[in-house]
Amino acid sequence: MSTFLDPGMHTLQIGTNGESSQTPSPPSSPGMHNESCSIAPLTPSQSPRNDARAQRPTSFSVVVAIDFGTTSSGYAFSFSNDPEAIHMMRKWEGGDPGVANQKTPTSLLLTPEGAFHSFGYTARDYYHDLDPEEARDWLYFEKFKMKIHSTSAGLVSPANPEQLLIALEPEAASIYCRKLRLNQLIDLSCKPLANGLAPELSIDSSFRQAREQLRRSRHSRTFLVESGVGELWSEMQAGDRYIVADCGGGTVDLTVHQIEQPQGTLKELYKASGGPYGAVGVDLAFETLLGQIFGEDFIATFKAKRPAAWVDLTIAFEARKRAAAPFRSNPLNVSLPFSFIDFYRRHRGQNVETALKRSSVNFVKWSSQGMLRMSSEAMNDLFQPTVSQIIRHIDDLLKKPDVKGIKFLFLVGGFAESAMLQHAVQSAFGSLCRVIIPQDVGLTILKGAVLFGLDPTIVRVRRSPLTYGVGVLNKFVEGKHPKEKLLVKEGKNWCTDIFEKFVSVDQSVALGEVVQRSYCPARVGQRKIIINIYCCATDDVVYITDPGVRKCGTISLELDELDEPSGPKSRRREIRASMQFGDTELKVAAMDVRTSKTVRAAIDFLSN
């Protein structure tokens with residue numbers, strides 16, 4: 001989803017933004033290469049020296065967070081003069097029976113001409129009400145977030161790119177959880193109650209209480225947060241570590257954070273990792289089950305010929321999916337639309353009850369009321385593959401040698417509302433750490449993104465997921481550089497394609513940390529500089545042509561012609577390049593020192 005991270009969140013700052021100051025660092029490495037647009041070093045190569053940028057408060061009036069999710073989307077905002085009040089989006093039109101209407105579906109409807117028509121419940125319901133023949137000409141998309149990672153965002157003006165911040169979802173969750181009081185958290189690791197209830201029942205009871213509180217609070221769209229830190233956070237000591245598992249519709253992302261006291265900032269101990277193990281996997285398993293019963297060809301035809309009825313069926317399953325619990329004994333009924341029953345009879349020449357009797361699926365029966373009667377075993381089977389992948393994903397992280405002493409595991413995201421997932425995580429890891437869930441778990445990330453926009457410095461240290469650098473020209477050294485890299489320009493021997501590192505993979509980088517270096521044009525009278533930025537998953541890269549190296553960005557700087565006296569030194573022109581790390585975007589800049597003309601670019605720093 002353009003510059004969004006695997007899963008991601010936008011935090012938008014509205015108002016006048018101040019320019020952040022920089023502490024210049026000594027020039028320290030060679031230049032960059034791009035045919036006639038190359039530049040040469042002003043100084044010999046040295047060990048990189050990093051200088052943290054001095055942070056200066058930014059002036060803005062409101063922060064808006066946009067959560068663009070695989071299954072559902074929403075927004076929240078807060079005014080800078082009242083940061084303890086977070087305002088959520090108003091209730092969207094539409095809604096599903098039995099499903100919490102905290103967000104709106106990530107559904108998009110385009111007209112037959114390809115123009116935007118509507119989004120969310122409005123799009124879904126309008127498309128649902130179209131005549132089937134007319135609906136064929138409209139374009140309806142849902143759960144499409146994972147398909148648009150490479151598309152540009154367009155949320156802010158190119159003239160004010162600093163108004164857009166990218167908030168990592170696990171970080172946003174951390175920021176919000178640190179504000180919560182104990183009565184706003186569900187501790188799945190709680191002991192059996194005094195009346196003899198089993199831990200499993202305690203978990204289920206806690207979850208029911210959380211849902212009831214959520215139902216009562218749904219009428220209010222303003223949430224108040226603590227001005228300091230919550231009670232749970234106050235228990236933590238400097239160096240305490242915890243995992244945030246962001247369980248969304250499309251992906252599950254894990255991050256390990258460490259508390260830094262007394263300032264209370266967060267340090268990323270282990271870089272964010274993710275996998276396609278979200279709640280959509282359960283939906284796909286249900287579709288596969290339908291294919292086993294009624295035939296994959298029929299399900300594909302039904303989706304194409306009766307799209308509105310298919311939407312009705314997915315809505316019915318969503319409500320039942322959310323009601324699934326690990327110790328539920330009674331069956332769950334999923335309503336089949338009449339058009340499904342009728343279409344199957346016309347298409348197959350038999351009724352759906354016959355199909356169920358003839359299928360090899362044992363745990364799904366037919367109800368005379370027009371429903372699929374799914375046993376608890378059948379529903380468990382739908383969850384099992386996705387939940388097992390999540391458990392394996394967390395277990396792999398906990399086994400890493402540099403991830404030890406985890407105190408808490410926070411479950412957040414829409415899928416974390418599932419009692420099936422909660423129980424599985426608690427059973428697997430409850431003996432190793434405390435498993436904690438915020439009561440308003442589906443909105444945790446959205447609220448945390450607002451808090452992040454109000455104070456982005458709360459996350460002080462992140463890990464670089466890749467090695468970043470530039471392609472450079474350097475002086476050719478016989479015996480060191482391969483002959484095929486030799487380039488002769490104006491009587492000088494250059495080695496092309498050298499990968500000059502600015503930061504290495506898994507290196508800790510502080511917020512605002514800047515690497516700054518100086519270069520000069522490799523050719524007298526050069527009017528254009530092109531800087532290519534490269535990345536690689538390893539640290540032993542030497543040339544930009546090495547396996548695994550890819551270009552991840554380019555900036556181009558036009559050089560104005562200057563009236564200069566003759567002489568080689570007077571024609572040497574300084575080009576100052578810098579990379580700023582620590583944010584969720586890598587910010588690259590190049591400046592012509594003589595004219596102060598500057599170009600900038602931003603690269604998704606935390607994506608692999």
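Residues: numbered from 1 along the sequence shown.
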T386: partners by side chain to side chain donor-acceptor pair (under 3.5 Å), with sequence neighbours left out: none
Test item: S78 side-chain N/O and A85 main-chain N/O as donor-acceptor pair under 3.5 Å: yes
Those residues that, when tested against D342, pass side chain to side chain donor-acceptor pair (under 3.5 Å) (two or more places apart): R345, R346
Sequence neighbours excluded, every pair satisfying salt bridge (charged side-chain N to carboxylate O under 4.0 Å, His left out) that has a member inside residues 278-304: K143-D283, D283-K321, E287-K303, D297-R348
Centroid separation F294 to Y344 less than 6.0 Å: yes
Shortest non-hydrogen contact between K528 and S556, atoms and distance: CE-OG, 3.0 Å
Sole residue of Y121, Y140, F119 in ring pair (Phe, Tyr, Trp, His ring centres under 6.0 Å) with Y127: Y140
Partners meeting side chain to side chain donor-acceptor pair (under 3.5 Å) with T545 (sequence neighbours left out): K485
Whether F317 and F286 hold their rings parallel, tilted or perpendicular, with breakpoints at 30° and 60°: parallel
Residues which pass side chain to side chain donor-acceptor pair (under 3.5 Å) with D395, listed by chain and number, not counting sequence neighbours: K399
ring-ring contact (aromatic ring centres under 6.0 Å, His included) partners for Y126, two or more places apart: H117, W138
Backbone N/O of F363 and side chain of S375: donor-acceptor pair under 3.5 Å: yes
Mutual orientation of the aromatic rings belonging to F343 and F298 [parallel < 30°, tilted 30-60°, perpendicular > 60°]: tilted
Geometric class of the F302/W310 ring pair [parallel <30°, tilted 30-60°, perpendicular >60°]: perpendicular
